[in-house]
Amino acid sequence: MTQKISILGSTGSIGQSTLDVLRNHPEFEVFALSGHQNVKALSAQCQAFRPRYAVLTDPDDAASTAREFVDLGLDTEVLCGQQALQRIASDPAVDTVMAAIVGGAGLQPTLAAVAAGKKVLLANKESLVMAGGLFMDEVSRSGATLLPIDSEHNAIFQCLGNQLEVSDGVEKILLTGSGGPLLRRDLATLKEVTPDEACAHPNWQMGRKISVDSATMMNKGLELIEACWLFDLNPDQIEIVIHPQSIVHSMVQYRDGSVLAQMGQPDMKTPIAHALAWPDRMESGAQRLDFSTITELRFESIEVSRFPLLDLCRQVAGMDQCYAIALNAANEIAVAAFLEGEITFTQIQLIVEFAVNSTVAIELLSIADVLTVDQQTRALARQRISEGL
Ligand code: NAD
Ligand code: MG
């Protein structure tokens, strides 16, 4: 039977990889796409996949794209704004939702898919970092099927026997990370790192925000928090291991000493195809590993002084949820400011630390409370940047 899919953030790196996988699978029908301000890319995707809906953020963009589609004789209806994202995520006609918007902007549409009981393919790790407790409660309440797309979490899911449940037999999780482009960089020159250097990841092609997060290893820290929620673990059950080749995507260690690893090319088409086909398997279009050419699989422990944000994330993972909201919000503001050339690479850390230290925990009864803490922290971080730190 045909599965109908909505892709939130289809014009991004994960969104494009998802469409690359789907191109060879007519058993999936693209129901809706969304592209924020990427008008041209979204229009081209609509012409190729002919979805029922397309969502842009700006009403003028939506109006001009709708006119373009009329001229092209394309039936796709163009919608705009947050409500529209929630609508395409929860439409009764939809079976599967790929949650691939970057940052906190992905929280509400992803939650709308969860609340509607969809099969949710979760790339947007920020929604679990911001609202893990409320999010997982909603998964239980609605009966949604949650499948991790982040390559590490997808690997752990596979090593747990294709499930989120962690049995008593599991001793610990080994979350691997390449160490990013600055693994060997002279620490004294970190403040001179440019946006292009920070985004030049040695193994993965990704959007710019997550690329900077990989350079600071904030990404691994966010993934630690993500893993705690997804697999219901304490931070001390998760060890982070540097693995520069990005071939082992993560591992699970069992009580008898067995360690199961999932391997593959550093290509997101593999976890995407895994989740799309789950509990079966399907062709992803990713290249295969060639063991006659792999000369080295190396593992190292982390140099903590090089990646202070990773340490902060580990502390925050064991604290009240409000600190994780603040951590994520300040990081988004700081990374955007770094990419705009407003602050240096090493100032990202200062802003995030400042925001976490300034946070006063409140009781989070609803997503509205989460968004309040998020907005307050963003304002605080922006103010700090405009004051020149
Ligand atoms: P990206 O920047 O390439 O794409 C982001 C998508 O979100 C685009 O379609 C963009 O138009 C849309 N978007 C951006 N801001 C928006 C807003 N305010 N409102 C609505 N839509 C908005 O990002 P990406 O690299 O594809 O990452 C997407 C998510 O997947 C992130 O949460 C990231 O952490 C996660 N992830 C990505 C990778 C990867 O390889 N790229 C791997 C693991 C997890
Ligand atoms: Mg990852």
Side-chain angles (χ1 to χ4, degrees), residues 6-20 32-45 54-58 61-62 79-86 88-89 98-110 112 120-130 147-157 175-180 199 201 203-214 217-227 230 240 243 246 248-250 262 264-272 275 286 328 331-332 335-336 339 374 378:
S6 287
I7 305 177
L8 306 169
S10 63
T11 56
S13 165
I14 293 286
Q16 289 175 43
S17 294
T18 306
L19 288 173
D20 285 347
L33 298 173
S34 92
H36 192 37
Q37 293 166 332
N38 300 340
V39 181
K40 273 200 179 141
L42 188 69
S43 169
Q45 290 180 345
V55 180
L56 287 160
T57 297
D58 180 74
D61 287 344
L79 310 172
C80 69
Q82 263 285 335
Q83 290 301 322
L85 289 174
Q86 294 179 38
I88 62 165
M98 166 56 83
I101 290 174
V102 62
L107 173 61
Q108 287 176 287
T110 305
V120 180
L121 278 44
L122 185 71
N124 178 255
K125 67 192 81 183
E126 294 90 346
S127 44
L128 275 184
V129 172
M130 293 170 73
L147 295 166
I149 292 297
D150 216 341
S151 55
E152 297 76 4
H153 306 72
N154 184 272
I156 295 163
F157 182 90
L175 193 66
T176 54
S178 69
C199 290
H201 198 284
N203 307 331
W204 295 96
Q205 292 290 322
M206 308 182 286
R208 282 171 82 77
K209 189 263 179 185
I210 183 177
S211 295
V212 176
D213 286 350
S214 298
M217 282 199 82
M218 179 72 175
N219 183 48
K220 212 48 56 186
L222 296 176
E223 289 181 356
L224 173 77
I225 300 172
E226 179 187 14
L230 268 177
I240 296 173
H243 168 49
S246 301
V248 171
H249 297 306
S250 277
Q262 186 264 355
Q265 290 285 355
D267 183 337
M268 292 305 293
K269 291 202 290 294
T270 294
I272 291 167
N328 178 68
N331 182 58
E332 282 191 36
V335 169
L339 287 171
D374 175 74
R378 284 170 197 263

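All ligand and atom numbering here is 1-based and tracks the order in the structure. Because only heavy atoms are used, hydrogens play no part in the values below, and waters and symmetry mates are left out as well, while side chains stay in.
- Of the protein's heavy atoms, V102 CB, 3.9 Å lies nearest to atom 23 (O) of ligand 1.
- Checked against a 3.5 angstrom limit, the closest N/O atoms of N219 and ligand 1 fall outside it.
- Looking at N38 against ligand 1, only its side chain comes within 4.0 Å, counting heavy atoms.
- With sequence neighbours excluded, the residues satisfying ring pair (Phe, Tyr, Trp, His ring centres under 6.0 Å) with H249 are W204.
- Q45 and S10 share a side-chain donor-acceptor pair at under 3.5 Å.
- Here the shortest heavy-atom distance to atom 41 (N) of ligand 1, taken over P109, S13, A99, S214, belongs to S13.
- The residue from Q108, K209, E126, M206 that puts a heavy atom closest to atom 40 (O) of ligand 1 is M206.
- In this structure, atom 25 (O) of ligand 1 lies nearest to the protein heavy atom G207 N, 2.9 Å.
- For the pair A105 and ligand 1, the shortest N or O to N or O distance does not fall below 3.5 Å.
- Interatomic distance, OG1 of T18 versus NZ of K269, reported as 10.5 Å (0.5 Å rounding).
- In this structure, a donor-acceptor pair under 3.5 Å is present between the side chains of N124 and S127.
- Within the structure, ligand 1 lacks G15 among the residues with a heavy atom less than 4.0 angstrom away.
- For atom 38 (C) of ligand 1, the closest heavy atom belonging to the protein is I14 CD1, 3.5 Å.
- E152 and K125 are not joined by a salt bridge, as no carboxylate oxygen comes within less than 4.0 angstrom of a charged side-chain nitrogen.
- When I101, I210, L122 are checked for heavy-atom proximity to atom 29 (C) of ligand 1, I101 turns out nearest.
- The shortest contact between atom 44 (C) of ligand 1 and any protein heavy atom is with D150 OD1, 3.6 Å.
- Note that OG of S151 is 10.5 Å distant from CG of D267, once rounded to the nearest 0.5 Å.
- Using a 4.5 Å cut-off on side-chain heavy atoms (C-beta onward), L122 and L147 make no contact.
- Of all heavy-atom pairs spanning G15 and A100, the tightest one is N-CB, 4.3 Å.
- Atom NE2 of H36 is separated from atom OG1 of T57 by 4.5 Å, given to the nearest 0.5 angstrom.
- Rounding to the nearest 0.5 Å gives a distance of 13.5 Å between CE of M268 and CD of Q16.
- Summary of contacts: the protein heavy atom closest to atom 35 (C) of ligand 1 is A123 O, 3.1 Å.
- The protein heavy atom nearest to atom 15 (N) of ligand 1 is H36 CD2, 3.4 Å.
- Ligand 1 has no nitrogen or oxygen under 3.5 angstrom from a nitrogen or oxygen of L85.
- The NE2 atom of H201 sits 5.5 Å away from the OG atom of S246 when rounded to the nearest 0.5 Å.
- The distance from ligand 1 to the heavy atoms of N124 drops below 4.0 Å at these ligand atoms: 32 (O).
- Considering every non-hydrogen atom in both C80 and V55, the closest pair reads CA-CG1, 4.3 Å.
- Scanning the protein for heavy atoms near atom 34 (O) of ligand 1, the closest one is K125 CE, 3.1 Å.
- Heavy atoms only, all atoms of each residue included: L8 and T110 are closest at CD1-N, 4.3 Å.
- Nearby protein atoms of type N, O or S around the Mg ion (ligand 2) amount to 3 (distance under 2.8 Å).
- Checking only distances, M268 never comes within under 3.5 Å of ligand 1, N or O to N or O.
- Atoms of ligand 1 lying under 4.0 Å from any heavy atom of G35, numbered from 1 in the order shown and given with element: 11 (O).
- In this structure, the side chains of P148 and I156 stay at 4.5 Å or more apart for every pair of heavy atoms.
- Using a 3.5 Å distance cut-off with no hydrogens or angles, the side chains of E223 and N219 do pair a donor with an acceptor.
- The protein atom (non-hydrogen) at minimum distance from atom 28 (C) of ligand 1 is A100 O, 3.4 Å.
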